[in-house]
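Take a look at the structure below.
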Amino acid sequence: MSCKLVYKYPYFLKQKKFTLQLPVGWKFLTVMVENEKLFLWAEVRDGVAKENVDFEVFGTGQEIPLTAEYLYTYTVGPFNFHLYMLRHVI
């Protein structure tokens, strides 16, 4: 029986670009900082195939690719960061 679960996926504060392996059909929930590590929370389905999903973090005023999809803005110290999912146009 397939069900939904909430998982958290770590990435480091200094990572500007990163890739996560997420179950197909995943749903973004939030980003939070724990112990100087960022975590992306996602709702996922159990027992489905996985896909590689690329993300990039931008600072305010930085150029963002037109194909990037906004997910969330978060603050670390005095800085605001904007998390985007990257779409690859073929």
Side-chain angles (χ1 to χ4, degrees):
M1 180 171 131
S2 185
C3 64
K4 290 191 227 181
L5 305 163
V6 174
Y7 282 161
K8 69 179 184 179
Y9 299 88
Y11 65 100
F12 293 98
L13 289 173
K14 294 183 181 180
Q15 279 182 283
K16 181 173 167 43
K17 292 183 180 184
F18 61 98
T19 301
L20 296 176
Q21 194 173 68
L22 300 169
V24 172
W26 66 279
K27 178 182 173 184
F28 173 81
L29 297 177
T30 194
V31 169
M32 294 178 124
V33 179
E34 281 184 7
N35 302 320
E36 295 188 29
K37 238 188 200 182
L38 280 169
F39 289 91
L40 180 148
W41 269 264
E43 181 182 275
V44 299
R45 287 187 52 208
D46 191 28
V48 299
K50 295 191 186 302
E51 63 180 337
N52 288 328
V53 182
D54 296 325
F55 298 90
E56 189 164 350
V57 177
F58 297 92
T60 302
Q62 290 184 314
E63 291 185 6
I64 300 165
L66 292 175
T67 57
E69 182 180 325
Y70 173 79
L71 293 176
Y72 198 74
T73 296
Y74 57 92
T75 302
V76 178
F79 302 105
N80 294 311
F81 298 98
H82 315 284
L83 178 65
Y84 282 77
M85 181 172 57
L86 301 180
R87 298 275 184 200
H88 300 286
V89 178
I90 298 173

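Excluded from the calculations below are hydrogen atoms, water molecules and symmetry mates; all remaining heavy atoms, backbone and side chain alike, are included.
Separating the CG atom in N80 from the OG1 atom in T75 is a distance of 4.0 Å, to the nearest 0.5 Å. Summarising the geometry, atom OH belonging to Y74 is positioned 9.5 Å from atom NE2 belonging to H82; distances are rounded to the nearest 0.5 Å. Considering CG of L20 and OH of Y7, their distance stands at 14.5 Å, rounded to 0.5 Å. Between the OG1 atom of T19 and the CG atom of D54 there is a distance of 3.5 Å, given to the nearest 0.5 Å. One distance of note links NZ of K50 with CD of Q21; it measures 6.5 Å at 0.5 Å rounding.
In this structure, the side chains of K16 and Q62 come closer than 4.5 Å at one or more pairs of heavy atoms. In this structure the side chain of F39 never reaches within 4.5 angstrom of the side chain of T30, judged on heavy atoms. The shortest distance between side-chain heavy atoms of L38 and Y9 does not fall below 4.5 Å. Side-chain contact check for W26 versus E51: some heavy-atom pair is nearer than 4.5 Å. Counting only heavy atoms from C-beta outward, the side chains of V31 and W41 never approach each other to under 4.5 Å.
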Next on the checklist: Using the rule given for side-chain contact (heavy atoms from CB on, under 4.5 Å), can you reason through F18 versus V57, listing the C-alpha separation, both sets of side-chain angles and the distance that settles it, and then say yes or no?
Outcome noted: CA-CA 9 Å; F18 61 98; V57 177; 4.2 Å; yes
Checklist entry - Given Y11 and L83, is the side-chain contact (heavy atoms from CB on, under 4.5 Å) satisfied, shown in steps? => result CA-CA 12 Å; Y11 65 100; L83 178 65; 4.1 Å; yes
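Aromatic ring centres of F81 and F58: separated by at least 6.0 Å.
Across all non-hydrogen atoms, the minimal contact from P23 to V48 is CB-CG2, 3.5 Å. In terms of heavy atoms, M85 sits closest to F55 at CA-CD2, 4.1 Å.
Each of L22, L40, V24, L86 was evaluated against V53; a single residue qualifies, L22, per the side chain to side chain contact (heavy atoms under 4.5 Å, CB included) test.
Other residues, nucleotides and ligands place more than 12 heavy atoms under 6.0 Å from the CG atom of L5. Within a 6.0 Å radius of NZ in K27, other residues, nucleotides and ligands contribute 12 heavy atoms or fewer.
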